[in-house]
Amino acid sequence: MATIGSSDHARLNRIGSHVYWLPPDDTTDRPILGAVVGARGTLIVDAGNSPAHANLLLCELARLGVAPPRYVALTHWHWDHVCGTSASDVPILASRETRRVVAAMAELDWSDQALERRVREGNEIEFCRSMMCAELPDRSGLVIRPPDLSFDGEVALDLGGVTCRMVHVGGDHGADCSVVYVEGDRVMFLGDCLGDDLYHGAPAYTVDRLFPLLDRLLGFGAEWYLEAHDPEPVSAQQMAEDAATLRTIGRTVQRIGRDREAILAALPALLGGPLSEDHCACVDSFLAGLDRAPDVPGSAPAWAC
Ligand SMILES: [Zn+2]
């Protein structure tokens, strides 16, 4: 078993004394799945994008002979994190807003026609539709289990020799986003909370949401961060550097405004080198964020309202 990092999507990795993680797979947008193993039980982090995805993790854990799953924690409502909920029957835990939206998802029609209609109406993203059809071509029997337990703010779980804090943090990606912090091991599952808002037109970052979130996440004192669609864990030092880059780009967009060329001309000197594709995408996200009403980023689609 690898200690850190593996490109094998079905291979369980270990980080810290109590934490395991299954790498993401961008073929069908499978996110990282996590397991925090205590003496009395195991916390599963995210349910995966299908029962098959969830079962990859559950089978690996059974093979290891660790304590059985006790809870499944959902970091947010997006399909790729919740469509594997029917693979086990242990209680599902999520923030109050995640619980509300996933309960609405459980009632939705997931046929091709219904998905296409939601894309046309602006209530689903074409990327998610195509990835979902690739992962789950037959969705006639799809069951999404809504969370059994919800919390406001934060909840602590003692699994026996290891304690996890599940903390609602919000952010541009979703107002409902939560993180799972494994104390002692100093490992944090970020879900997608550092992503941009994908559900309201062009992907968008807002300085008002992202900057306080960065401060808060760095304040936990984690040694390693796991972002749900990144293939490798991010060290505390790398996270601090990435946060500084995001802040520089966000501040520059704020200062210069909508002149994209002027922003791209100013940034290399401020960032100490040429711009990457990721930097340019980040500029575009902050530019899109300038046009967002303050209450739009992170809100759920119309079917959940
Ligand atoms: Zn997401």
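As a basis for the values below, the full set of heavy atoms in this structure was taken, side chains included, without hydrogen atoms, waters or symmetry mates. This is a predicted model, so every value here is computed, not measured. Just follow the structure's listing: the first ligand is 1, and inside any ligand the first atom is 1.
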Do you know which N/O/S atom name in [X] is closest to the Zn ion (ligand 1)?
X      : answer
His173 : NE2
His78  : ND1
His76  : NE2

ask   = Is the shortest distance from a Lys or Arg side-chain nitrogen in Arg99 or Asp176 to a carboxylate oxygen in the other one below 4.0 Å?
value = no
Angle between ring planes, His173 versus His78, binned at 30° and 60°: parallel, tilted or perpendicular? perpendicular
Q.
For Trp110, does the six-membered ring have the charged nitrogen or CZ of Arg118 within the cation-pi criterion, i.e. under 6.0 angstrom from the centroid and within 45° of the normal?
A. yes
Fill in: Under 2.8 Å: N/O/S of Asp192 next to the Zn ion (ligand 1)
yes
Q) Is there an N/O/S atom in His81 at a distance below 2.8 Å from the Zn ion (ligand 1)? A) no
Give a yes or no on whether the backbone of Pro301 and the side-chain of Asn123 come within a donor-acceptor separation of less than 3.5 Å. no
Are Asp138 and Ser140 close enough that a side-chain donor and a side-chain acceptor fall under 3.5 Å? yes
